[in-house]
Amino acid sequence: MLKRIYRNNTYSTFVLNVCFFLLLLCFLNSTTPAQIIKNVKSISDSTKKIIEKKDSTLTKQAKLSIRTMKSMSMIPKELSEFRVKKSYMVAQDYNFTGDFLSFSPFTFQKKLGYTGLSTETMIYGRGYGSAAFLNDGLELNNRLFNTYNLISFQSESIDSIDVIPLSRSFLFGNPADVSINFIPREPSISKPFSRIRYYQAPNDEGFIDGIFSINPFKKTNVYFEITNNSNGLRYKNSDYNSWSGDARVNYYLSNEINLKFGYKHVTSTVQLNGGVDIDSIASSDVLTAVKDVIYDNITAPVRFYNRYSTSILDNIYISAKMLLLHNAPSEMTIYTNNFNSEYRQNVSGTIQNGVPPVSRDNISKTSGIKLKQDFRDSYFSLNASTFFEHSIFHIDQHTLLQKKDSLQILNLDNKKQNTFAIALLSSAKLIDSCLIPSLFSKYFLQDGNNYFGIGGDIIFLINDRIKIYGGLSQFEKPFSAYVNSMINSKEIVNKQLIKNFELRFLYKNNFFDLSLGYFYNSNDNQPIFAFDKQSHKNDEAYFLAVKTTELNGLNFSFESRLWKLSIATNCNYYFSENSRIENGLPDFTFTGGTYYIDTLFNSNLKLKAGINIYGYGSRYQQQIDFERNILTPFTFDSQNPLSKNYLSLFNNNAFSPSFQFDLFVAGKIQENATIYFTWENLFDAKYSIIPNYPMPSRGIRFGFSWEFFD
């Protein structure tokens, strides 16, 4: 229904929205309506005082008798620069959750041109299979492929985001090179709350999210959130629609014990056209340039006309937060994590010639229990956590490569996996809390195999303005269940040794913030995937081998504040062309902006307006296995395994750097309503972040959010 509304009324709705925006500005700037607002507010305040006076004693007692235990950050307060805060997110231009990380060091989003397609979020140069995403400490990744797409996470439910330092990332959840933790919005026990956010964009793209929080009983809070996200037919076979739901019940048993029940559900269907078919364009008799055809969404041919995927994610948890000892909070959580993906290619409707039919289901079911215990005082802290998980996997029959020159059938049915882990992190505050060293370690047991990790970091607070952070770690981690099932050679051990190092210098004063960073990451047993040249219309990535990889990079982040102007930049550079190719990275990424920030209309409107700038350095073509979220630049010739070109690149020529400029305006009205306006791709740049997946042309995205307090 929403999609039909978007399609039939896109132009008229946009005109009405613009008219509404202009009338609202006039309303805020006029004298008479302002006086009306003042009078209404005065009456409302008087009524509120009468009610509060009547129940003042009861309200004070209620507030004194109920203490909520909020979700704790995984980052110490001395490293607040590693955290994406709520105050930053509300004024940020974003389409999906991953956009909140745009100004975080060493972050890169592999966007594929339109909403719904798998967007690999790279942190410290690592993505699918190496990055773990957590919600309040519970891992969201499906355990089968060890992946999670941030398009599935509800952006409006986030209070803040922990970008966990590289050296510490392996401590949380299943071992991962990098970890991101989303801290959820905590409902208020004192008053109900409701919120709505909506936006509309070209190509029938639409988004609506609603939040409702109520306190039916004195010690109980009920929280609901529902989200719909859809994208229309930009290129052939590119529709997307998803529904997400989040339900929570908080029961504050006492000041020392808080209980929570939570359920998150996502169901989505996305059509997978595989990008523009460059080979088809190049071999045709079309007289126009190939580039002109690629960016013409009407005439451009796509690789797959009949392929889609439906996914269902369910997360259920029951947790108890306890403060039974002074300065020693405890937490126990029982949870499930279920993932079901239905992948269909050329099995119904119009059959595409030359494309093999595929109908497969991939299922991952995980249940577990997690315990956390913290001890804190003024000079020392100790954090301990442990978890146990039991997983069951199912993969429908498919082929895999055996010894580089033959294929065999794999059927992973009801494969079971048990996992146990315990992690410790201790910190001390020395020299009047100016020097904070930490040591940490982890023991990981999976299917009878042992994995160990150890590391340490240090925070040096030189003064109120200068801060230095350094950390290093070394840990072992297993392959994902899927990769491990494909390893048939006894020469390959299911163990990867990861080494991490990070150094960051931070400086801030009243006028600007500055961050300089360096990181190093290595893996002595990284899996290498490639696509078979002989099965171009199959899009299955095969596991070929393992190799030692290294990746390092530099970051420069800067934000200035002068008068009512603000300039922000976040620039990353990655060394070694071979490492960039293996990980699908450009040589540099740039995110920046210049903004005018002011309060207008008698303090009724907080305005942020300016230009967003996105830059992507030279990069090589990649292909995507959408079923398993595998991106690789490599191809191989299964018919000639002894050839020198057995493993090669899809394209030996790098694609030129690209830049996009957006006009962005956000206005917050009387602390409750925020209106967003973005003129995307202002100069209509023709480019792709991932080659052959064109980014949107010039267009306008308009939306608003509105918070209601009852």
Side-chain angles (χ1 to χ4, degrees), residues 74 120-134 137-148 164-181 337 364 366 368 370 385-391 393 415 417-425 440-456 471-487 491-502 519-529 543 545-551 579 582-583 628-630:
M74 291 182 173
E120 183 177 22
T121 300
M122 308 286 285
I123 312 291
Y124 294 103
R126 299 299 187 184
Y128 286 140
S130 300
F133 296 96
L134 305 98
L138 292 179
E139 188 169 356
L140 297 167
N141 292 34
N142 72 77
R143 308 303 193 260
L144 177 58
F145 302 121
N146 192 27
T147 61
Y148 185 79
I164 299 172
L166 183 61
S167 59
R168 297 185 177 199
S169 288
F170 75 95
L171 294 173
F172 307 101
N174 292 286
D177 295 35
V178 296
S179 295
I180 300 292
N181 180 47
N337 180 315
S364 169
T366 299
K370 184 172 185 179
S385 64
T386 183
F387 72 87
F388 173 79
E389 287 185 352
H390 175 72
S391 299
F393 308 118
K415 163 69 176 177
Q417 176 179 283
N418 292 319
T419 302
F420 170 78
I422 183 169
L424 299 172
L425 189 158
F440 34 86
S441 62
K442 186 169 187 175
Y443 168 69
F444 191 79
L445 174 66
Q446 188 173 91
D447 289 341
N449 298 314
N450 299 301
Y451 306 88
F452 299 91
I454 190 170
L472 55 86
S473 62
Q474 175 177 294
F475 65 95
E476 301 166 324
K477 76 170 186 178
F479 295 125
S480 69
Y482 174 73
V483 174
N484 192 39
S485 68
M486 294 190 295
I487 297 175
E491 300 174 358
I492 300 177
V493 179
N494 180 20
K495 184 175 289 190
Q496 304 170 75
L497 180 64
I498 313 295
K499 296 179 181 179
N500 290 322
F501 171 74
E502 181 176 11
F519 85 93
Y520 169 86
N521 172 275
S522 71
N523 186 336
D524 74 336
N525 211 23
Q526 181 167 319
I528 301 298
F529 293 87
F543 169 77
V546 295
K547 67 177 298 187
T548 299
T549 63
E550 295 183 341
L551 182 65
S579 296
E582 291 164 353
N583 293 279
R628 307 170 187 91
N629 283 335
I630 297 173

**Q** Compare every heavy atom of Ser179 with every heavy atom of Leu134, then report the nearest pair and how far apart it is.
**A**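 Minimum heavy-atom separation between Leu134 and Ser179: CD1-CB, 4.1 Å.
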
**Q** Contact between Asn181 and Phe172 at the side-chain level, heavy atoms closer than 4.5 Å - yes or no?
**A**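 They are not in side-chain contact.
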
**Q** Closest approach of Ser522 and Glu550, non-hydrogen atoms and distance?
**A**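 Ser522 and Glu550 have their closest heavy atoms at CB-CG, 3.9 Å.
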
**Q** Asn449 and Lys495: side chain to side chain contact (heavy atoms under 4.5 Å, CB included), yes or no, with the steps?
**A** CA-CA 9 Å; Asn449 298 314; Lys495 184 175 289 190; 5.9 Å; no

**Q** I'd like to know if the side chain of Glu502 reaches the main chain of Leu166, judged simply by a donor and an acceptor atom lying under 3.5 Å from each other, with no hydrogens or angles considered.
**A**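 Answer holds: yes.
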
**Q** Applying ring-ring contact (aromatic ring centres under 6.0 Å, His included), name anything that partners Phe452, two or more places apart in sequence or on another chain.
**A**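 With neighbours one apart ignored, the set is Tyr443.
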
**Q** With under 30° as parallel and over 60° as perpendicular, where do the rings of Phe145 and Tyr482 fit, or are they tilted in between?
**A**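 The arrangement is perpendicular - the two ring planes meet at more than 60°.
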
**Q** Is the side chain of Asn337 donor-acceptor paired with the backbone N or O of Arg143 at a distance under 3.5 Å, no angle test?
**A**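 No: the side chain of Asn337 does not pair with the backbone of Arg143.
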
**Q** If we ignore hydrogens and angles and just use 3.5 Å, is the side chain of Ser169 paired with the main-chain N or O of Ala176 as donor and acceptor?
**A**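 Side chain of Ser169 to backbone of Ala176, a donor-acceptor pair under 3.5 Å: no, none is there.
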
**Q** Quick one: pull up OG in Ser473 and CZ in Arg168 and give me the separation to the nearest 0.5 Å.
**A**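 So the OG of Ser473 and the CZ of Arg168 are separated by 11.0 Å.
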
**Q** Quick one: does any side-chain atom of Lys442 pair with a main-chain N or O of Leu171 as donor and acceptor, under 3.5 Å?
**A**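 Judged by distance alone, yes, a pair lies under 3.5 Å.
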
**Q** Please enumerate all residues that pass side chain to side chain contact (heavy atoms under 4.5 Å, CB included) together with Asn494, with sequence neighbours excluded.
**A**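 Side chain to side chain contact (heavy atoms under 4.5 Å, CB included) list for Asn494, sorted by chain: Tyr451, Pro478, Phe479, Asn484.
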
**Q** Measuring from Asn418:CG to Leu445:CG, what's the distance to the nearest 0.5 Å?
**A**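 It is 9.0 Å, given to the nearest 0.5 Å.
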
**Q** For Thr419, give me all partners under side chain to side chain contact (heavy atoms under 4.5 Å, CB included), at least two apart in sequence or on another chain.
**A**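 So Thr419 forms a side chain to side chain contact (heavy atoms under 4.5 Å, CB included) with Asn174, Phe387, Glu389, Gln417, Phe444, Gln446.
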
**Q** Do Gln496 and Pro175 have side chains that get closer than 4.5 Å, going by heavy atoms?
**A**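 In short, these two side chains do not touch, never coming nearer than 4.5 Å.
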
**Q** Aromatic rings Phe440 and Phe170: how do their planes relate, parallel, tilted or perpendicular, breaks at 30° and 60°?
**A**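 Ring orientation of Phe440 relative to Phe170: tilted.
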
**Q** Go through it in stages, so that I can follow the logic: the residues are Phe475 and Asn500, the test is side chain to side chain contact (heavy atoms under 4.5 Å, CB included), and I'd like the CA-CA distance, side-chain angles, deciding distance and then a yes or no.
**A** CA-CA 9 Å; Phe475 65 95; Asn500 290 322; 3.5 Å; yes

**Q** With rounding to the nearest 0.5 angstrom, report the CD1 to CZ distance, Ile422 to Phe388.
**A**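 That separation rounds to 14.5 Å.
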
**Q** Of all residues at least two apart in sequence or in a different chain, which pass the side chain to side chain contact (heavy atoms under 4.5 Å, CB included) check with Leu472?
**A**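 Partners of Leu472 under the side chain to side chain contact (heavy atoms under 4.5 Å, CB included) test: Phe501.
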
**Q** Output the distance between atom CE (Met122) and atom OH (Tyr128), rounded to the nearest 0.5 Å.
**A**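 Between atom CE of Met122 and atom OH of Tyr128 there are 10.5 Å.
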
**Q** Checking Asp524 side chain against Leu497 main chain: does a donor-acceptor pair fall under 3.5 Å?
**A**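 Present.
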
**Q** Please check this pair: side chain of Lys477 against backbone of Ile498, looking for a donor-acceptor N/O pair closer than 3.5 Å.
**A**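 No.
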
**Q** Which of these, Asn629, Thr366, Thr147, sits in a side-chain hydrogen bond (donor to acceptor under 3.5 Å, both in side chains) with Asn142?
**A**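 Of Asn629, Thr366, Thr147, side-chain hydrogen bond (donor to acceptor under 3.5 Å, both in side chains) with Asn142 is met by Thr147 alone.
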
**Q** Please find the pair of heavy atoms, one from Leu144 and one from Phe393, that lie closest to each other, and give the distance.
**A**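 In terms of heavy atoms, the two residues are closest at N-CE2, 3.6 Å.
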
**Q** Are any side-chain N or O atoms of Asn141 and backbone N or O atoms of Phe133, one a donor and one an acceptor, separated by less than 3.5 Å?
**A**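 Yes, because the side chain of Asn141 sits within donor-acceptor range (under 3.5 Å) of the backbone of Phe133.
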
**Q** Could I get the full list of side chain to side chain contact (heavy atoms under 4.5 Å, CB included) partners for Gln526, not counting sequence neighbours?
**A**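 Gln526 satisfies side chain to side chain contact (heavy atoms under 4.5 Å, CB included) with Arg126, Asn523, Thr549, Asn583 only.
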
**Q** Under the side chain to side chain contact (heavy atoms under 4.5 Å, CB included) criterion, do Glu582 and Lys547 qualify, and how do the steps go?
**A** CA-CA 10 Å; Glu582 291 164 353; Lys547 67 177 298 187; 2.6 Å; yes

**Q** I'd like to check the ring-ring contact (aromatic ring centres under 6.0 Å, His included) partners of Tyr124; sequence neighbours left out, ordered by chain and number.
**A**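 Tyr124: ring-ring contact (aromatic ring centres under 6.0 Å, His included) contacts with Phe106, Phe519.
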
**Q** Check the pair Val178, Ile164 against side chain to side chain contact (heavy atoms under 4.5 Å, CB included), reporting the backbone distance first and the verdict last.
**A** CA-CA 7 Å; Val178 296; Ile164 299 172; over 6 Å; no

